[in-house]
Protein chains: 2
Amino acid sequence: MKNLVQDHLSQTFSALADPTRRAILAQLAKGEASVSDIAKPFLKDMSLPGLTKHLKVLEKAGLITKTREKQWRPCKLNGAALKDAANWMEQYRAFWEESFDRLEEYLKTMAPKVKSKGKKNDRKKK
Amino acid sequence: MKNLVQDHLSQTFSALADPTRRAILAQLAKGEASVSDIAKPFLKDMSLPGLTKHLKVLEKAGLITKTREKQWRPCKLNGAALKDAANWMEQYRAFWEESFDRLEEYLKTMAPKVKSKGKKNDRKKK
DNA sequence: CAGTTAATTAACTAATTGGTTAATTATAGA
DNA sequence: TCTATAATTAACCAATTAGTTAATTAACTG
């Protein structure tokens with residue numbers, strides 16, 4: 001009953017949050033492929049309609065585009081759709097590089113008891 | 001009835017696939033904060049237990065760590081948990097950079113009708 | 001101890017997700 | 001036209017997600 005439509009970034013990340021879908025993207029990174037080409041490696045684990053649903057998720061997220069070629073539906077990777085997600089992650093790069101040393105060191109220089117808690121919430125101490 | 005445990009990357013991406021959780025990370029990027037500090041901007045839209053659940057998702061994904069400080073639970077961002085996701089995305093960088101020009105150009109040099117379809121699936125043409 | 005603040009847990013619910021099988025549509029080819 | 005292949009749609013189901021309210025745990029404070 002809430003938030004019927006996902007924002008763009010959420011849609012991208014949740015499309016990526018599935019190993020089957022990431023595998024599909026990996027395959028398409030090697031070139032266009034039809035639905036049944038894509039499906040082939042998965043058909044031991046999953047039905048074709050199951051796979052079709054995954055493709056639909058990827059398509060709605062803009063990560064792939066499906067075209068028509070006779071009775072086939074060649075899909076291709078649309079890497080541009082990863083741009084925003086990648087930019088979002090980029091903001092945090094500093095937190096997985098060098099942050100270990102620098103941030104840890106910084107925290108150790110602080111009084112070990114007063115690290116957080118208040119900051120903007122110290123009211124009522126009188 | 002399947003796949004009871006998510007793989008690491010899926011867990012990371014699905015943790016990121018929610019605007020509330022991304023906002024929490026953004027706030028923690030500015031420094032440690034207690035649960036109620038974090039909650040404050042969201043309490044007009046969501047109950048505290050609702051927020052606690054989001055924190056639990058982030059914690060399980062390793063994106064934050066919760067410690068204890070008297071009756072508070074200071075949380076801090078664990079940027080290292082984004083590393084694998086960022087590396088995964090990195091594989092596709094070529095597809096959102098330069099790919100527009102180069103790949104489009106490449107595709108246009110091909111015969112416009114024979115783009116895909118077969119490749120490993122051309123059987124039965126005799 | 002009584003009261004207050006911080007946070008979590010429990011129990012419930014509606015919507016979404018990820019899968020299925022069966023049926024249907026679309027195209028090609030003999 | 002009949003048949004085979006390609007793919008989607010429909011209808012259904014179980015599990016998960018994201019939220020709620022109410023109750024509970026934990027720690028401090030006067």
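In what follows, chains are A, B, ... by sequence order, proteins preceding strands, each numbered from 1.
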Any side-chain N or O of [X] below 4.0 angstrom from OP1/OP2 of [N]?
{"X": "B/H54", "N": "D/dT17", "value": "no"}
{"X": "A/R21", "N": "C/dG18", "value": "yes"}
{"X": "B/S36", "N": "C/dA7", "value": "yes"}
{"X": "A/K56", "N": "D/dA7", "value": "no"}
{"X": "B/K66", "N": "C/dA7", "value": "no"}

Listed nucleotide nearest any side-chain atom of [X], set [options]:
{"X": "B/P49", "options": "C/dA6, D/dT21, D/dA7", "answer": "D/dT21"}
{"X": "B/Q71", "options": "D/dT8, C/dA6, C/dT8", "answer": "C/dA6"}
{"X": "B/S47", "options": "D/dA27, D/dA6, D/dT21", "answer": "D/dT21"}
{"X": "A/K70", "options": "D/dT20, C/dA28, C/dA7", "answer": "C/dA28"}
{"X": "A/K53", "options": "D/dC28, D/dA7, C/dG18", "answer": "C/dG18"}
{"X": "B/D18", "options": "C/dT8, D/dT9, D/dA18", "answer": "D/dA18"}

Side chain [X], main chain [Y], donor-acceptor under 3.5 Å:
{"X": "B/S10", "Y": "B/Q6", "result": "no"}
{"X": "B/S47", "Y": "B/L43", "result": "no"}
{"X": "A/R21", "Y": "A/A15", "result": "yes"}
{"X": "B/R73", "Y": "B/S34", "result": "no"}

Expressed as a whole number of angstroms, how long is the span from [X]:[atom1] to [N]:[atom2]?
{"X": "B/L51", "N": "C/dT8", "atom1": "CG", "atom2": "P", "result": "9 Å"}
{"X": "A/Q11", "N": "C/dT16", "atom1": "CD", "atom2": "C1'", "result": "13 Å"}
{"X": "A/L43", "N": "D/dT5", "atom1": "CG", "atom2": "P", "result": "15 Å"}
{"X": "B/L16", "N": "D/dT17", "atom1": "CG", "atom2": "P", "result": "14 Å"}
{"X": "B/Q6", "N": "C/dT17", "atom1": "CD", "atom2": "P", "result": "13 Å"}
{"X": "A/D7", "N": "D/dA18", "atom1": "CG", "atom2": "C1'", "result": "15 Å"}
{"X": "B/L48", "N": "C/dT8", "atom1": "CG", "atom2": "C1'", "result": "9 Å"}
{"X": "A/F42", "N": "D/dA7", "atom1": "CZ", "atom2": "P", "result": "15 Å"}

Starting at the 5' end of DNA chain C and moving along, which residue's nearest nucleotide shows up first, B/R73 or A/R68? B/R73

Counting C-beta onward and ignoring hydrogens, is there a side-chain heavy-atom pair between A/D7 and B/R22 closer than 4.5 Å? yes

